[in-house]
Amino acid sequence: MQRNQDSKVKHSVFSDRERAKWMGLFLADQVISGLFVGPLTVFFWWGSWSYLHAHLLPSRQDLSGLVCMVVGNVGLVTLALTQAFWKGRLSRDKAVHWVFGYHLYTAVCAFFNVCHWRGMWTILDFYTGVNYRSCWITYAIGQGSLWIFRCSRNAQAPPMIVVYDRDADFFTYTTRFRVKPQLSERFVLDVLFTVFGVHQLVVFYWRGTWQLMDLYIFPDNKTRSALVSLAIAYGLMLALCVVQPLFNSVYRRHASKDPARRFLLCWSLEVVSYFFSNFVGVGLWRGVWMLCDAFVLPDRPDVGHGVMLATGVVGLMAMLCGHSLAIRGCDIDGDFLGDGDDVALSPNFYLRRFYAEYASRTRIHHNTTAEPQNSTETTGGPWTTTHLDGEARLERKKADTIGV
């Protein structure tokens, strides 16, 4: 989930019609990600996590957590180190490769992620307990360290992230220090820091936030606590529908040509934006998770786990965003695009992603059959570009350079 960078600041001009169109798509994406992508992702994670909890050394949760941690960390490191192999062997343009290879990769990556998270979470619960002191310390370590390393945006999860299953950079596993992916000592160390450092800190943040909500929000009434958690998450998500485009507009209008000032503005806006969007993810996941605990076949838990796991996988893959199940790579706060199109915006691009790709290809085709004309309307707009894949980004750049 990388973002391309541009060497210069540019501010596009959009007609009122274009602004209304893109704002409509932006709001539609919030509804789709909030009501479908987010809950379906939780269904898969709840089913997988609960099944492991019930069947993987259930009488020895310390060993169960350790096994999960080893499997998850080794698996994620292996996927990161072998990304060039998968890119060279599997092509999205070959139906068999995409149907079987891409989706199998998603399932394996998601399984390693569940193991990775459950391992650290279970070990923290076992050795530190679930109490105010433990939870506050865990939260402070996670949140503070993510800010220090400029990695707070990595604590986002569906519904604030949507990953398209046919991205050209599908197998790319970005790392914190952006070392070129090759089997060198520097790249291996970067991968290890990303998996054992950044990703573990994200677990610290989530575990601390989640369990603080357990302790403070109706601790004696799980159903009411879950509903309040969902209300907080959707309320914040609604507020972010105003705040994030506003922050993006502030950056696009006031970004300085001086790189240091531009970075400071971008970083400060993103830190505030992602502080709340991270909380949306925790709140929604916790609410849906607790409702699953309470109401999904409590008398037949294994069946319930399997049904919800399958529902999450099939639902998201049918929506062409199954890779949202997996957490991979590392994004950096303040790592801005030159045109500021995605500054302070959560990457939950769904309809915008499809429409931007379609519009980009349509205009490239139009350019080959007609002379370009000056116009204030563009195919792009604010809130549009983060999850265009590499091909679509290239096409859009070509369109920009020829004056389309």
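In this chain, residues are counted from 1 in sequence order.
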### Task
Take D331 and Q156 through the side chain to side chain donor-acceptor pair (under 3.5 Å) test and state the conclusion after the steps.
CA-CA 10 Å; D331 284 332; Q156 293 183 111; over 6 Å; no
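- For the residue pair D165 / H323, no side-chain donor-acceptor distance below 3.5 Å is found, with atom types taken as modelled.
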Please table the atom pairs, donor to acceptor, closer than 3.5 Å between any side-chain atom in residues 139-148 and protein atoms at least two apart or in another chain.
from	atom 1	to	atom 2	distance (Å)
S145	OG	I141	O	2.8

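- In this structure, the side chains of M290 and S225 come closer than 4.5 Å at one or more pairs of heavy atoms.
- Not counting sequence neighbours, the partners of Y216 by the ring-ring contact (aromatic ring centres under 6.0 Å, His included) test are Y132.
- The backbone N or O of R261 lies less than 3.5 Å from a partner atom in the side chain of D258, making a donor-acceptor pair.
- Taking the ring centroids of W46 and H305, they lie under the 6.0 Å cut-off.
- A donor and an acceptor atom, one from each side chain of D125 and Q61, are nowhere located under 3.5 Å apart.
- Counting only heavy atoms from C-beta outward, the side chains of M319 and V162 never approach each other to under 4.5 Å.
- A distance below 6.0 Å separates the ring centres of F149 and F193.
- Contact check for L52 versus C115: side-chain heavy atoms found under the 4.5 Å cut-off.
- Ring centroid separation for the pair F354 and Y350 comes in under the 6.0 Å cut-off.
- Once rounded to the nearest 0.5 Å, the distance linking CZ of F44 with CG of L309 reads 5.0 Å.
- Ring centroid separation for the pair W49 and W117 does not come in under the 6.0 Å cut-off.
- Relative to the ring axis of W22, R352 does not place its NZ or CZ within 45° and under 6.0 Å from the centre.
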### Message
For a side chain to side chain donor-acceptor pair (under 3.5 Å) check, start with the C-alpha distance between R353 and Y164, then their side-chain angles and the critical distance, and finish with the verdict.
### Response
CA-CA 8 Å; R353 194 253 177 251; Y164 181 50; 4.7 Å; no
### Message
Using the rule given for side-chain contact (heavy atoms from CB on, under 4.5 Å), can you reason through L35 versus Y234, listing the C-alpha separation, both sets of side-chain angles and the distance that settles it, and then say yes or no?
### Response
CA-CA 10 Å; L35 297 182; Y234 284 122; 4.1 Å; yes
### Task
For T194 and R176, run side chain to side chain donor-acceptor pair (under 3.5 Å): C-alpha distance rounded to whole Å, both residues' side-chain angles, the deciding distance at 0.1 Å, then the answer.
CA-CA 6 Å; T194 300; R176 171 58 185 84; over 6 Å; no
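- With no hydrogens or angles considered, no side-chain donor-acceptor pair links S50 and R118 at under 3.5 Å.
- With sequence neighbours excluded, the residues forming a side chain to side chain donor-acceptor pair (under 3.5 Å) with S273 are Q244, listed by chain and number.
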### Query
Passes side chain to side chain donor-acceptor pair (under 3.5 Å), T128 versus R207? Steps please.
CA-CA 12 Å; T128 68; R207 189 252 184 184; 3.3 Å; yes
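- Considering only heavy atoms from C-beta on, V203 comes within 4.5 Å of H116 through its side chain.
- Remark: H97 pairs with no residue by the ring-ring contact (aromatic ring centres under 6.0 Å, His included) rule, at least two apart or across chains.
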#### Entry: Residues R150, V271; criterion side-chain contact (heavy atoms from CB on, under 4.5 Å); working and verdict
CA-CA 9 Å; R150 290 174 51 204; V271 164; over 6 Å; no
### Task
For side-chain contact (heavy atoms from CB on, under 4.5 Å), just list the numbers for F111 and S48, CA-CA rounded to whole Å, side-chain angles, deciding distance to a tenth of an Å, and then say yes or no.
CA-CA 8 Å; F111 172 73; S48 305; over 6 Å; no
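- With P159 as the fixed residue, the side-chain contact (heavy atoms from CB on, under 4.5 Å) test singles out one of V280, V37, V42: V280.
- Separation of the H55 and Y51 ring centroids falls under the 6.0 Å cut-off.
- Put simply, the side chain of S152 does not reach to within 4.5 Å of the side chain of F275, judged on heavy atoms.
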Sequence neighbours left out, cut at 3.5 Å: what donor-acceptor pairs do the side chains of residues 294-301 make with other protein atoms?
none

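- Within the 4.5 Å cutoff, the side chain of N154 has no heavy atoms near those of the Y274 side chain.
- Taking the six-membered ring where the residue is Trp, the centroids of W86 and F170 are separated by 6.0 Å or more.
- Residues in residues 38-53 take part in no salt bridge (Lys or Arg N to Asp or Glu O under 4.0 Å) pair, two or more places apart or across chains.
- The distance between the ring centers of W289 and W45 does not fall below 6.0 angstrom.
- A heavy-atom distance below 4.5 Å is found between the side chains of S229 and M213.
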### Message
What verdict does the side-chain contact (heavy atoms from CB on, under 4.5 Å) test give for W98 and H103, after you've listed the backbone C-alpha separation in whole Å, the side-chain angles of each residue and the deciding distance to 0.1 Å?
### Response
CA-CA 7 Å; W98 184 75; H103 291 93; 3.7 Å; yes
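- For the residue pair T82/R89, the side-chain donor-acceptor check at 3.5 Å is not satisfied.
- For W210 and W121, the ring centers sit closer than 6.0 Å to each other.
- Annotation: cation-pi pair R328/Y173 absent, no NZ/CZ under 6.0 Å from the ring centroid and within 45° of its normal.
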